[in-house]
Amino acid sequence: AEAEGAVTVAVAAGEHRSMPLFGGGGAVCVLSLVTMAHAQAAAPIHLTGQNAVYTLSLAKVRGHSVTGAVGRLTFDVTATCKAFAVDQRLTLLVRNGDGSLSRTVSDYETWESRNGHHFSFLLRQSENGKERTELKGTATMTAKGGTVHYVVPAQRTAHLPPGTLFPMAHTRALLTAAEAGKPYIDPPLFDGTSPHGAEHTFVAILGWHKGKPDDFKALSGLPSTTVDIGFFPRLAKDNTPDFRTEAQYFTNGVARDVRLDFGNFVLRGKLAQLTMPPQACPEAQSASNAASTVKSKSRHVAQDSDRKG
């Protein structure tokens, strides 16, 4: 809740993955549709700060190792002129096949420069009250590739292939590709949730949706895309992803209708709360105002069409 809005989750078995999370007739009607289509095209892809809360429930079970799961995910993004800071917390209660319960709490913090050159990460997890630091370090990227410097695991480095994206850049890339009508993208991703460096991702783009009214004001009128993302270890010898996620992403980076597929079970994530903090960057505020103007013009055109029809 890649965002990225990537959403990192940890299950009882200790597996970490990321996900990185709505007239008239005749010539008047035609004018209205054309103007509204232009307004939608003008709505910018601009990732902003957000405070989102998701409720997690069990959507599907494969096998008998898990019989129940519920959880809560908070995903907070602070956007400045130079970087994104992400703080997310997952609480997950899993009922195992033998009837026992496992409670996992995962805290994931990242800092990502807007130019895609610098990234820092910290992943902590507690299982049944026992806390430990899983992963911590920094990463840098250049046109020729990059390097991860891990503090945890102890003082090791990993190479990042050219074209590797950090989480927020990954979300921006999939939105840009969807708007352009591309069917998929497959960039490497490093989000700080693996001790082995970058993972391969395959993002199947399932459509670009025009903006429409939404219960959440911040999403109303914004275009969006639905994607299915597979995550693959770079050294894997088969084509089966070890984790998949589906979500609807809006042009401001907010995700909803999330599905997290761990193989033996699938979680459904419902966007329960959403607030958008004040924009700290004047440039971001200008983009937000422009998007609001686009939505306002669309509403006025539709209203004029209704009156004249």
Side-chain angles (χ1 to χ4, degrees), residues 1-9 16-21 44-54 73-90 106-124 135-142 146 148 160 163-178 185 187-194 198-199 201 203 218-219 222 224-225 227 229 245 247 249-256 258 271 274-291:
E2 121 122 204
E4 182 185 351
V7 177
T8 298
V9 298
H16 310 288
R17 290 295 180 268
S18 48
M19 63 156 255
L21 250 166
I45 294 174
H46 190 83
L47 308 186
T48 64
Q50 60 174 285
N51 304 115
V53 178
Y54 300 83
L73 175 69
T74 60
F75 184 73
D76 299 320
V77 179
T78 301
T80 69
C81 294
K82 295 185 177 180
F84 296 100
V86 176
D87 186 355
Q88 59 185 51
R89 181 179 180 87
L90 168 77
S106 178
D107 290 292
Y108 174 63
E109 302 171 14
T110 65
W111 183 94
E112 177 180 340
S113 65
R114 283 184 179 266
N115 63 14
H117 294 168
H118 302 282
F119 183 69
S120 63
F121 56 95
L122 172 62
L123 175 62
R124 297 188 304 269
L135 294 164
K136 180 180 181 180
T138 60
T140 57
M141 276 297 298
T142 68
V148 183
L160 298 177
T164 296
L165 300 178
F166 298 133
M168 296 299 286
H170 192 270
T171 296
R172 186 185 299 110
L174 68 84
L175 283 166
T176 301
I185 58 173
L189 167 71
F190 180 75
D191 60 6
T193 65
S194 170
E199 294 179 293
T201 67
V203 183
L219 305 181
L222 289 184
S224 64
T225 184
V227 295
I229 309 175
T245 182
Y249 278 98
F250 290 81
T251 51
N252 58 1
V254 175
R256 73 180 311 167
V258 177
L271 182 60
L274 177 65
T275 58
M276 310 301 283
Q279 301 297 330
C281 180
E283 186 176 300
Q285 184 63 54
S286 297
S288 178
N289 290 340

Problem - Reported CD-to-OG distance for the pair E109 and S120, which is rounded to 0.5 angstrom - result: 9.0 Å
Practice task
Apply side chain to side chain contact (heavy atoms under 4.5 Å, CB included) to T225 and L175, showing your working.
Solution key: CA-CA 7 Å; T225 184; L175 283 166; 3.8 Å; yes
Exercise for the section: Check whether any side-chain heavy atom of I45 lies under 4.5 Å from a side-chain heavy atom of F250, and answer yes or no. Expected result: no
Practice task
Compare all side-chain heavy atoms of L219 with those of L271 and state whether any distance is below 4.5 angstrom.
Solution key: yes
Completion exercise
In short, side-chain hydrogen bond (donor to acceptor under 3.5 Å, both in side chains) pairs touching residues 78-87 with sequence neighbours left out are none
Exercise for the section: Check the pair V86 / D76 against side chain to side chain contact (heavy atoms under 4.5 Å, CB included), numbers first and verdict last. Expected result: CA-CA 6 Å; V86 176; D76 299 320; over 6 Å; no
Problem - Min side-chain heavy-atom separation L135-L122 under 4.5 Å - result: no
Handout entry: Contact check, side chains of M276 and V254, non-hydrogen atoms, under 4.5 Å
Key = yes
Practice task
Report the C-alpha distance between S224 and T251 in whole Å, list the side-chain angles of each, state the deciding distance to 0.1 Å, and finish with yes or no for side chain to side chain contact (heavy atoms under 4.5 Å, CB included).
Solution key: CA-CA 6 Å; S224 64; T251 51; over 6 Å; no
Fill in the blank from the handout: Test ring pair (Phe, Tyr, Trp, His ring centres under 6.0 Å), reference F121, set W111, F190, Y108, output is F190
Practice task
Determine whether L47 and N252 make a side-chain contact, defined as any pair of heavy atoms from C-beta on separated by less than 4.5 Å.
Solution key: no
Problem - Closest approach of G163 to P187 (non-hydrogen atoms, all atoms of both residues) - result: O-CB, 4.5 Å
Problem - Flag, side chain of T164 to backbone of L189, donor-acceptor distance under 3.5 Å - result: no
Practice task
State, without any angle test, whether T201 and H170 hold a side-chain donor-acceptor pair at a distance under 3.5 Å.
Solution key: yes
Problem - Heavy-atom closest contact (A79 atom, R114 atom, distance) - result: CB-NH2, 3.7 Å
Fill in the blank from the handout: Here the pair of heavy atoms bringing S113 nearest to N115 is OG-OD1, 2.7 Å
Problem - Qualifying residues under side-chain contact (heavy atoms from CB on, under 4.5 Å), relative to D107, sequence neighbours excluded - result: R89, V105, R124
Problem - Test item: M141 and L165 side chains (from C-beta on) under 4.5 Å apart, heavy atoms - result: no
Problem - Heavy-atom side-chain proximity of I229 to L174 below 4.5 angstrom - result: yes
Fill in the blank from the handout: d(M168 CE, F119 CZ) to nearest 0.5 Å is 10.5 Å
Problem - Whether E112 side chain and A169 backbone form a donor-acceptor pair below 3.5 Å - result: yes
Exercise for the section: Taking the side chain as every heavy atom from C-beta outward, state whether L160 and P188 have any atom pair closer than 4.5 Å. Expected result: no
